[in-house]
Each structure stands twice: as structure tokens, then as C-alpha cells.
Undergrad: 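Let me begin by handing over the structure; questions about it come next.
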Amino acid sequence: MRRSCLGRSGLTTGAVALGTLTWGTRTPPDEARGLLARFLDAGGDLVDTAHTYGDGASETILGGLLADVGRDAVTVCTKAGISRTSGRRVVDVSRRGLMAQLDTSLARLATDHVDLWLAHTWSDSVPLEETIGALEWAWRSGRARYVGVSNYAGWQLARAYSLAETARMPLVADQVEYSLLERVPEHELVPAAASLGVGLMAWSPLGGGILTGKYRDSTPADSRGASAAFAGMVQSRLGEANRGVVDAVGTAARGLETTPAALSLAWLLARPAVACAVVGCRTERQLAQVLVGLDTVVPNEIRLALDEVSLGSL
């Protein structure tokens with residue numbers, strides 16, 4: 001797996017990060033173990049989780065696996081600022097909230113530090129100076145080797161970067177949704193990240209699985225779109241405009257003798273400022289199909305065609 005620095009930092013990561021959103025819910029520990037083993041065998045190292053994933057089960061499962069594979073074999077990224085109380089999503093990016101969540105995450109992960117810690121989301125309810133102050137606390141105390149943000153728009157990233165720069169603390173990443181079905185980051189965030197030297201970590205790079213074509217005619221019973229937690233997100237993206245993008249990806253993939261998943265991933269990894277794609281594969285077979293994208297070369301004429309059809313769907 002090819003590697004690159006995350007933004008202008010010295011933190012190197014593989015082009016694909018293993019997402020663990022479903023660990024502890026739809027992905028049991030044994031399947032998680034197999035996924036991690038396959039991922040490491042492929043040369044991957046960056047595993048992405050969050051305090052809120054599986055109400056903590058994701059971090060707990062990962063912590064148990066770290067003891068087996070060795071802490072140094074995995075670059076751990078986790079996020080803080082979102083939790084669920086009585087099934088309700090709660091955002092708290094205050095200093096108190098972030099510090100408490102990081103300490104809880106470290107206990108679940110059974111480690112004294114994470115390699116990358118992100119503020120999970122923006123909030124108008126807390127001064128940004130306070131959120132950045134919590135990131136600085138984690139960075140200076142060594143609890144987090146590197147820090148960044150998640151789901152920040154371009155102007156939000158620029159403001160956060162300015163505050164971090166004043167504190168002489170590198171802000172190295174912004175994790176955002178980005179794919180052929182979600183190109184909003186290109187309007188403002190991509191040029192901002194490229195200029196500031198912040199690496200983009202693209203989550204949902206396959207559009208929630210839609211770009212693989214598996215929802216083209218129906219919703220598979222064992223798919224994410226069939227689950228209560230994700231059905232709304234998937235169904236909202238199955239309109240005619242996106243259907244045209246899925247068809248174009250499928251046609252191009254057949255011409256290149258690759259899979260739609262591999263082509264979609266290769267297209268994304270070639271975009272400016274994108275450091276890695278966070279893939280939430282549920283099975284080893286899905287992961288193997290995605291990893292083919294690391295060796296897929298997208299000819300310029302196909303890239304331009306996909307650009308045109310996907311922009312036309314927005």
C-alpha cells in the first residue's frame with residue numbers, strides 16, 4: 001500500500017484507512033479481527049474509530065486487538081465530541097467534554113496515547129478557542145501524537161488552523177465526507193486544505209456503498225441500506241441523478257476490467273489534498289475489492305467523464 005504524509009506533518013499513513021463504525025454493532029469481534037488482519041497484511045496501518053461508535057464497543061474491540069497484533073503495528077485515530085444519551089445524538093466539544101472523552105477512549109483502547117485525535121464536529125455552542133485548547137492539551141501532554149478536526153468546512157478549517165498556528169501546534173487533518181456522490185468539499189475545503197497543508201481524510205468514499213452498484217436494482221437484506229441506522233442516508237441518495245453516476249462508474253469499471261468500488265476509490269485518491277480514504281468494509285471480501293483500487297489507474301478521459309457526470313448530479 002502506498003504511503004504519504006498526512007498534510008505537512010511527519011505522520012505517514014497508508015492511502016486507505018480502516019473504518020470501524022460498525023464494529024460492535026453489525027461487525028462482531030471475530031469478523032473485526034479478520035478485517036484487521038487482512039488490512040495489515042495488505043500494508044495498511046491507519047485504523048479509524050470514535051468515542052461514539054457502537055456506544056464505545058468499537059474502541060473496546062480495537063483495544064483488544066491491539067494487544068494481539070502489537071500497538072506499534074497500528075496507527076490509531078479516534079474522535080471526540082459526539083455521544084449518544086438515551087438514543088439521542090449529543091454534541092459537546094467543550095474542553096471538559098473532549099478531555100473526558102479522550103481519557104475514556106484511551107482506557108477502552110488500552111493505550112496511553114492515540115496517534116491522531118480529531119474534534120469530531122463543529123459546534124456553534126462552544127468557542128472554537130476552547131475546542132482548539134483541548135486539542136492542544138492532548139497534544140502537549142502526549143495523549144495524542146497529532147491532532148486535527150472532522151467535518152469542518154473550508155472557513156472553519158482556516159479559523160481552526162489559525163488558532164492552532166498561534167499555539168505553535170500543527171493541525172494535520174480534516175476528516176470529511178467526499179466521493180463521486182459528495183463533491184461539496186471541492187467548493188471551498190479542498191483548496192483551503194491544499195493551501196494550509198492539511199490532509200483530507202475522506203469518509204464514505206463509496207457513497208455509503210451506492211457507488212459499488214449493489215443498490216442498483218434492490219436493497220440487499222444484509223447491506224447497510226437495510227439497517228435502521230443507515231437506511232435513511234442510503235435511500236436519500238438513490239435518486240435518478242445519482243443513478244446516472246452509478247451507471248457511469250459501472251460502465252467505466254467494465255471497460256477498465258476493474259470493480260466500481262476500485263474505480264471510485266482510485267478517482268478519489270487522485271484528488272488534490274486527499275491523504276487517505278476511510279473505508280468501512282464489513283467483510284474481508286469487501287475489503288479485498290476496495291484494495292484493488294490502490295492499483296487502479298484512471299485514464300484522463302475517464303476521469304474527465306466521471307467528473308462531468310458527477311458534477312451534473314449535484
Undergrad: Please check if atom CD in E257 has more than 12 non-hydrogen atoms from other residues, nucleotides or ligands closer than 6.0 Å.
TA: no
Undergrad: Identify the heavy atoms of T258 and A262 that sit nearest to each other, and give their distance.
TA: OG1-CB, 3.3 Å
Undergrad: Indicate the atoms forming the closest heavy-atom contact of P205 with L211, along with that distance.
TA: O-CD1, 3.8 Å
Undergrad: Could you check whether any side-chain heavy atom of L200 comes within less than 4.5 Å of a side-chain heavy atom of C276, counting everything from C-beta outward?
TA: no
Undergrad: With no hydrogens and no angle check, is any side-chain donor or acceptor of T20 less than 3.5 Å from a backbone partner on D48?
TA: yes
Undergrad: Please step through side-chain hydrogen bond (donor to acceptor under 3.5 Å, both in side chains) for the pair T22 and R282, ending with a clear verdict.
TA: CA-CA 7 Å; T22 64; R282 192 170 52 82; over 6 Å; no
Undergrad: What about L287 and V292, same hydrophobic cluster or not, with Ile/Leu/Val/Met/Phe/Trp/Tyr joined at side-chain heavy-atom distances under 4.5 Å?
TA: no
Undergrad: For residues N151 and W203, determine if any side-chain heavy atom of one lies less than 4.5 Å from a side-chain heavy atom of the other.
TA: yes
Undergrad: Treating S58 as the side-chain partner and G54 as the backbone partner, does any N or O pair qualify as donor plus acceptor under 3.5 Å?
TA: no
Undergrad: Could you measure the distance from the OG atom of S141 to the CD atom of E136? Nearest 0.5 Å is fine.
TA: 10.5 Å
Undergrad: So, D115 side chain and R145 main chain: donor-acceptor pair closer than 3.5 Å or not?
TA: no
Undergrad: Look up atom OG1 in T121 and atom CD in Q175, then write down how far apart they are to the nearest 0.5 Å.
TA: 11.5 Å
Undergrad: Report yes or no: do V90 and W122 belong to one cluster of Ile/Leu/Val/Met/Phe/Trp/Tyr joined by side chain heavy-atom distances under 4.5 Å?
TA: no
Undergrad: Take atom CZ in R140; do more than 12 heavy atoms of anything else shown fall under 6.0 Å from it?
TA: yes
Undergrad: I need the minimum non-hydrogen distance between L206 and A261, along with the two atoms involved.
TA: CD2-O, 3.6 Å
Undergrad: Does CG belonging to D68 count more than 12 external heavy atoms closer than 6.0 Å?
TA: yes
Undergrad: Quick check: do W117 and T78 have side-chain heavy atoms less than 4.5 Å from each other?
TA: yes
Undergrad: What closest approach, in Å, do V147 and L135 show between heavy atoms, and which atom pair accounts for it?
TA: CG1-O, 3.7 Å
Undergrad: Inspect the contact between R271 and D307 and indicate whether a charged nitrogen and a carboxylate oxygen are less than 4.0 angstrom apart.
TA: yes
Undergrad: Just wondering, do L163 and E129 contact through their side chains at under 4.5 Å, heavy atoms?
TA: yes
